[in-house]
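Following: one structure in structure tokens, then a few remarks.
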2 protein chains.
Amino acid sequence: MATARRVGSATSETRAAILAATEQLLVESGYASVSSRSVAAAAGINPGLVHYYFPTLDDLFVAVFRRGAEKNLDRMARALASPTPFQALWRTSADPRGGALFFELMAAANHRPALRAEVAELAERARRLQIEALRELLPQYGVDGGLFPPEFVAAAIQGIALSLGREEALAMATEHRAAAAAMENLLDHLEQRRHAAPPRRAQGPEARS
Amino acid sequence: MATARRVGSATSETRAAILAATEQLLVESGYASVSSRSVAAAAGINPGLVHYYFPTLDDLFVAVFRRGAEKNLDRMARALASPTPFQALWRTSADPRGGALFFELMAAANHRPALRAEVAELAERARRLQIEALRELLPQYGVDGGLFPPEFVAAAIQGIALSLGREEALAMATEHRAAAAAMENLLDHLEQRRHAAPPRRAQGPEARS
DNA sequence: GTCTATATTGAGATAGAC
DNA sequence: GTCTATCTCAATATAGAC
């Protein structure tokens, strides 16, 4: 499935420069602005060299996505294992820099099948990681597992982060500040609830005592 | 600010065909695939004619966005005035067709200032409409206004819809079904709570008499 | 590995015939 | 209103010199 061609050594400095330049272009000017020429100009090299490392643009997009994805998965795993997992998970989801990149990559994935497959695979892995962790955590926070199953909470955290990121990007100052503050407050509330209550075993959606 | 040039009558059939073709292209092939040539081909007309109605591509993007925005605002206002406002608001936010279009337009707006201004303006209007309605509604649902202010709830509903829409687009079948079902269930729960309790007056985060 | 050069294709936009 | 024709520019990708 996910076999992107790799030319040149994986540790090449030029290769890294191309990836960094592409990521910058994606964030600042959108996926439509990514071309062998624009990337080469931003990286200070020759257009042809871009094609040497990444024969097609698909290869380039996939490589950029993978590099970011590895980092994100690591951060997420660390967040879920931290002493305040909810807050930590929120901080990783709400990273503002990731927002623009996320919209661009999702939009680009819509019509680049190779990228789409890559995105889908990572989204699945990330989601499963979250769900497994939340299955253990939610009961500790005293969250009603019938009303708020892990699948829902995972989708909600990411969605709210996405929504607030968008508000920030569009400079919807007041609404955004109030909503973001409420989220922080809610998380404080939950973390306190967790540390106040004795840890309990995970349990399913059926009624609890 | 938002003054896009309009050439030709607003009710022109050709104009409508161009807008419909553009929307289709956006959803199916992404914003990068929208060009005077591709649009003309999809609409069955000549490329030059696209430029007659929409001198620049910015004008075209803005017009497509506006057409969709008007419809959405209407639907949202009707939802907020319906007997089960939460469920109705959710249904309008979770419309699957809007999902791909939304990602494309947000990404396109990232690097088309004219479009970005238009999106920001509409997002503000929609958000304010929601917030005002929620300020009245939330107390009726017995929602704690301190923990869940209207700004937050509005962002949360849209964000969760966005997140679930993405899961669906990426074919994350199982996670998506569980999360979507939980959302429906949560809304049922809330609507029942509302109709069970006597209506109360709106109240802010601080206590009121 | 890095470059130049180029084949090929398509883009945005405009001028002007009908 | 609709079309043809065209100017100008940039795109992907490849071949091959160094």
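Excluded from the calculations below are hydrogen atoms, water molecules and symmetry mates; all remaining heavy atoms, backbone and side chain alike, are included. In what follows, chains carry the letters A, B, and so on, assigned in the order in which the sequence lines appear, proteins first and then strands, with residues in each chain numbered from 1.
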Q: Determine which pairs satisfy salt bridge (charged side-chain N to carboxylate O under 4.0 Å, His left out) with at least one residue from residues 70-87 of chain B, sequence neighbours left out, and list them in order.
A: Arg75(B)-Asp95(B)

Q) His51(A) has a side chain; which of dT14(D), dT4(D), dA13(C) sits nearest to it? A) dT14(D)

Q: Kindly write out the residues that satisfy side chain to side chain donor-acceptor pair (under 3.5 Å) with Glu124(A), not counting sequence neighbours, or none if the list is empty.
A: Arg128(A)

Q: Check DNA chain D against residues 25-44 of chain A and give the residues with a non-hydrogen atom under 4.0 Å, in numerical order.
A: Val34(A), Ser35(A), Ser36(A), Arg37(A)

(Q) Considering only residues two or more places apart or on different chains, which pairs with a residue in residues 144-162 of chain B satisfy side-chain hydrogen bond (donor to acceptor under 3.5 Å, both in side chains)? (A) Arg127(B)-Gln158(B)

Q: For the pair Glu168(B) and Arg177(B), find out whether any cationic side-chain nitrogen is under 4.0 Å from an anionic carboxylate oxygen.
A: no

Q) Can we call the ring centroids of Phe54(B) and Phe61(B) under 6.0 Å apart? A) no

Q) How long is the line joining CZ of Phe54(A) and P of dT14(D), in whole Å? A) 16 Å

Q | Nucleotide dG12(C), atom P - distance to CG of Asp59(B) in whole Å | A | 13 Å

Q) Is it the case that Arg193(A) places NZ or CZ above or below the six-membered ring of Tyr141(A), under 6.0 angstrom from the centre and within 45 degrees of the axis? A) no

Q.
Distance check needed: dT12(D) C1' versus Leu60(A) CG, whole Å only.
A. 13 Å

Q: Give a yes/no answer on whether the side chain of Tyr53(B) brings an N or O atom under 4.0 Å of OP1 or OP2 in dT2(D).
A: yes

Q: Show your reasoning for whether salt bridge (charged side-chain N to carboxylate O under 4.0 Å, His left out) applies to Arg66(B) and Glu121(B).
A: CA-CA 11 Å; Arg66(B) 275 193 195 161; Glu121(B) 193 190 317; over 6 Å; no

Q | Separation of dC18(C) C1' from Asn46(B) CG (nearest whole Å) | A | 13 Å

Q: Return no unless some side-chain N or O of Thr56(B) is found under 4.0 Å from OP1 or OP2 of dG12(C).
A: no

Q. Counting side-chain heavy atoms from C-beta on, which of dT12(D), dT2(C), dG1(D) comes nearest to Thr14(A)?
A. dT2(C)

Q | Atom pair distance, as rounded to whole Å: OH in Tyr52(A) and P in dA5(C) | A | 21 Å

Q. So how far off straight is the helix from dG1(C)-dC18(D) to dC18(C)-dG1(D), going by the axes through five pairs at either end, to 10°?
A. 0°

Q | Distance, rounded to the nearest Å, where Ile45(A) contributes CD1 and dT4(C) contributes C1' | A | 14 Å

Q. Would Arg15(A) count as a cation-pi partner of Tyr53(A), with NZ or CZ less than 6.0 Å from the six-membered ring centre and within 45° of the ring normal?
A. no

Q | Length of the line joining Leu57(B):CG and dG10(C):P, which is rounded to integer Å | A | 17 Å

Could you list the donor-acceptor pairs under 3.5 angstrom formed between side-chain atoms of residues 35-42 of chain A and any protein atom two or more places apart in sequence or on another chain?
residue	atom	partner	partner atom	Å
Ser35(A)	OG	Arg37(A)	N	3.4
Ser35(A)	OG	Ser38(A)	N	3.0
Ser35(A)	OG	Ser38(A)	OG	3.2
Ser36(A)	OG	His51(A)	NE2	3.2
Ser38(A)	OG	Ser33(A)	O	2.7
Ser38(A)	OG	Ser35(A)	N	2.9
Ser38(A)	OG	Ser35(A)	O	3.2

